[in-house]
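Have a look at the structure below before the remarks.
Chain letters run A, B, ... following the sequence lines, proteins first, then strands; residues in each count from 1. Worth knowing before you read on, the calculation uses all heavy atoms, side chains too, and leaves out hydrogens, waters and symmetry mates.
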Number of protein chains: 2
Amino acid sequence: MGKQMTEMLKGTLEGIVLAILAAQPAYGYEITARLREQGFSDIAEGTVYALLIRIEQRRLVDVEKVPSEKGPPRKVYSLNTQGKQELEEFWRTWSFLAERIEQLHHGGN
Amino acid sequence: MGKQMTEMLKGTLEGIVLAILAAQPAYGYEITARLREQGFSDIAEGTVYALLIRIEQRRLVDVEKVPSEKGPPRKVYSLNTQGKQELEEFWRTWSFLAERIEQLHHGGN
DNA sequence: CCGCGGTATTCAGCGTTACTATGTACTGGT
DNA sequence: ACCAGTACATAGTAACGCTGAATACCGCGG
């Protein structure tokens, strides 16, 4: 992945994952796969797991261990109330930034 | 500033500054002021200067020292060929990211 | 004359984030 | 017994923006 993308993901990747979880609960491996499908072709698994642990510690998600037929038990994450608030906040921050950048892209400053 | 914004600026702030310089050459203090006008109300001065040094070392800009009537000489930065390429690359990366995030925002995944 | 505020740049130290590179564990197919 | 696929975890690293301070130069009011 480009270095630019790596840096740009900082701060946004968390929002992306929160948005995915807002649509429906999911577990780490699944989230990684979903990201890859969506074009984030080489987001490292380790990155996702680390992020999930972070948002769990910040109490943005509820966790449930679910046995899997293939492999170790899945940790299924679902967005809780606080997580939804954080996501709202993310959308506000994102919109703010996206607007100004889009303005720079076209109109010029 | 929100922590979210701080993290989100990582990677994008450089692009923003490159875009500002693409419109016209400018010096650090001026860029900071311009950013504040545009709504990035508390981007630290130190942050901008550090960024400018970085892009200078990566040869994305040409630098010219211009004496100032008030205060120490200004370091006026202007985008060179390589800088323009980097900016192009930035727009591509940004567009990619913005598209997927916008998709998550509305359609859902 | 001297301090103060505005202009302009620089730097050391910090916290957060994503990546690299592993390692562990469980299952089913050959 | 071995291997591939599933699933999670973690130590170490690099990059970036922020904090907080210092430095330098100028004009103006007290």
Between [atom2] of [N] and [atom1] of [X], the distance in whole Å:
| X | N | atom1 | atom2 | value |
| --- | --- | --- | --- | --- |
| Glu45(A) | dA11(D) | CD | C1' | 17 Å |
| Tyr49(A) | dA11(D) | OH | P | 17 Å |
| Gln57(B) | dT10(C) | CD | P | 11 Å |
| Arg58(A) | dG15(C) | CZ | P | 17 Å |
| Ile31(A) | dA7(D) | CD1 | C1' | 12 Å |

Less than 4.0 angstrom between a side-chain N/O of [X] and OP1 or OP2 of [N], yes or no?
| X | N | result |
| --- | --- | --- |
| Lys75(A) | dA9(D) | yes |
| Lys3(A) | dA14(D) | no |
| Tyr29(A) | dC8(D) | no |
| Ser68(A) | dT6(D) | no |
| Tyr27(B) | dA8(C) | yes |

Q.
As a test of reading the structure: which of dG17(D), dT10(C), dA7(D) is closest to the side chain of Arg74(A), going by heavy atoms?
A.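 Between dG17(D), dT10(C), dA7(D), the one nearest the side chain of Arg74(A) would be dA7(D).
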Q: Record whether the side chain of Lys70(B) comes under 3.5 Å of the base of dA8(C) through a donor-acceptor pair of N or O atoms.
A: no
Q. Mapping Pro72(B) and Thr6(B) to their closest nucleotides on DNA chain D, which lands nearer the 5' end?
A.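 Nearer the 5' end of the strand: Thr6(B).
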(Q) Both Lys10(A) and Gly46(A) contact DNA chain D. Taking the nearest nucleotide for each, which residue is further toward the 5' end? (A)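 Final value for this comparison: Gly46(A).
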Q) With a distance cut-off below 6.0 Å to the six-membered ring centre and an angular limit of 45° from the axis, does Arg92(B) pair with Phe96(B) as a cation-pi contact? A) no
